[in-house]
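Below is one structure, written out as structure tokens, with a few remarks after it.
Order of the sequence lines fixes the chain letters, A, B, ..., with proteins taken first and strands second; residue numbering starts at 1 for each chain.
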Protein chains: 2
Amino acid sequence: MNLKSFEARMENYRKRINDRLSRVVVKQSPVSFYDPVRYVLEGGGKRIRPILVILACKAVGGAEDDCIDAAVAVEILHNFTLVHDDIMDNDDLRRSRQTVHKKWDEATAILAGDGLVALAYHYLLKTKTNEITEIANIFTTGIIDLCEGQALDKEFERRFDIDMDQYLLMVEKKTARLLMISSEIGVIIGGGNQMQREFLSDFSRHLGNAFQIQDDLLDMEPTSGKTFGSDIKQKKRTILFVHALTYADQHIKNQLWNIMHQPEITDDDVFKVRDLFEASGTLKFARHEVESRMNQAQQILSPLAPSDSRDDLNLLLKWILERKS
Amino acid sequence: MNLKSFEARMENYRKRINDRLSRVVVKQSPVSFYDPVRYVLEGGGKRIRPILVILACKAVGGAEDDCIDAAVAVEILHNFTLVHDDIMDNDDLRRSRQTVHKKWDEATAILAGDGLVALAYHYLLKTKTNEITEIANIFTTGIIDLCEGQALDKEFERRFDIDMDQYLLMVEKKTARLLMISSEIGVIIGGGNQMQREFLSDFSRHLGNAFQIQDDLLDMEPTSGKTFGSDIKQKKRTILFVHALTYADQHIKNQLWNIMHQPEITDDDVFKVRDLFEASGTLKFARHEVESRMNQAQQILSPLAPSDSRDDLNLLLKWILERKS
């Protein structure tokens, strides 16, 4: 079970999902609705959430064919959140392409997002299972949590008193929840029991939280595939920022505040912020958090019966958390 | 069965629905999410769609208690469309109050609308029925149709070659469809058969289309509760406009075009447009369309077994189409 064959398997899953996604939109008209929906679904991406559905389903003995529509559903749902979040955050680029509201306009992007939610339910409801109400309820509660997470994220942008618990609650809702519901839905379709559902949900919670912290760290790496310091430049609350403003010396806090209050933040400033995060132990703390959540996630899977899919879940965890972009 | 006791019964339904709606939001935080959602759900309205669910359910022998959650679900869904449509149409007022994006901001309104969709599904899924997948599919297809209708409406604003069929297709998707799915869901929960479902769906199609034409007509009445000529002032395509531009003399068409191309349209201009619509037979055509659809809707119900709810559906039809605001 080496990493190379793992990547080949992931690529196969991705191909199958992308193939389905390319066939979600069958109609042409109205073009102002279906063109942007198609554009979004064909925009690529790592497809982590649908792969989680499939691996969770298979890890409890289920079949890929039974969960493929639900897998497609969570990916469509994820894309809905990206389209609407990009409007709210006023982001111009997504996956190296123009965001929908930039390429078209805001009204078009709002409507495309709304349509994606409905298409997500449409695919979820194709699933043949006696547990359809349960699955649809998990999906629905997940959307409400995503909304709460996004609301907290926007509220935090205007506040300077966010503590670590509040920050982590926001991350869990905004990032981890969709990964959690992906695994839960996979387990239920696969016929797993309540304990397996909780194990795989917890696995995804740790994965999601670690993923977000890793994302915050990558933002500070000039060599990563991301735009250097984009979070800092947008004055976003990241775990690094929250940690430093809680635990750093007053001297460091003051310097951070000064930079964050500048009208514009340059690459040089980002390097300075990075040094301040180093001096306050913030980077070390964040790296340790990623490591610790990764270990917790791995341990959670150990009571599950051994299977190729269980191993793939662990490899997926490593692959995600060791990525450089 | 007089109109007065009908209105008392409607008021009872409305109270029950409003009571449920006031308890949809149980959480306080995040305030930037739940405050606007609560604001929308407590904003009042005629509650026609949930009443349709209840009457359709009861008309086929079902019980009000069995369909009340689904009734609340369609009303929440309707409110979602209002919140997002108001952003897209840049409307400042809704039910005599500020729209969400005016009272808060666009990001807040986008998110509140997204949350309302999820809350709508949450209520729909509370329904105890073996047909939950069927009901959820009708609901989901309805949302996609609503999106298509809104997209067509926005596309038509930039086009001048809309014919009557295209216009009526847009109205059916944007206005009639939600009424149709309300009745269909009511019939299914009430245990009705396929024929009853089609009858009540058709009843609501005619009701919805007539309702929209009536709305277009009311816009031209200075004595109605609506702002006089707001459609004309916003240069919206209404059935009156589409009819006149298709069937009026060239002389009338030219005058209409001249007014519609003015940078601003005054009350005097609206009176002029009204006279042109009178001269071209457009008002007569529209009044006849309302009448004819109302008759068709009434006839559709006649094969249904007599019941108080069947009578109420007919009274509801009259009440809606004879309203002055």
Structural part of L125(A) lying under 4.5 Å from a heavy atom of chain B: both
Within-4.5 Å side-chain heavy-atom neighbours: V117(B) and I143(A): no
Value rounded to 0.5 Å, distance of SG in C147(A) from CD1 in I110(B): 11.5 Å
Residue, of I87(A), L111(A), I144(A), V31(A), that accumulates the most heavy atom pairs under 4.5 Å with chain B: L111(A)
Option in A120(B), A118(B), P30(B) with maximal non-hydrogen atom pairs under 4.5 Å from chain A: P30(B)
Using a plain distance cut of 3.5 Å, could you tabulate donor-acceptor pairs between chain A and chain B?
from    : atom 1 : to      : atom 2 : distance (Å)
K27(A)  : NZ     : E148(B) : OE1    : 3.0
K27(A)  : NZ     : E148(B) : OE2    : 2.8
V31(A)  : N      : E155(B) : OE2    : 3.4
S32(A)  : N      : E155(B) : OE2    : 2.9
S32(A)  : OG     : E155(B) : OE2    : 2.7
Y34(A)  : OH     : E148(B) : OE2    : 2.4
H84(A)  : ND1    : D114(B) : OD1    : 3.0
H84(A)  : ND1    : D114(B) : OD2    : 2.7
D114(A) : OD1    : H84(B)  : ND1    : 3.0
D114(A) : OD2    : H84(B)  : ND1    : 2.7
E148(A) : OE1    : K27(B)  : NZ     : 3.0
E148(A) : OE2    : K27(B)  : NZ     : 2.8
E148(A) : OE2    : Y34(B)  : OH     : 2.4
E155(A) : OE2    : V31(B)  : N      : 3.4
E155(A) : OE2    : S32(B)  : N      : 2.9
E155(A) : OE2    : S32(B)  : OG     : 2.7

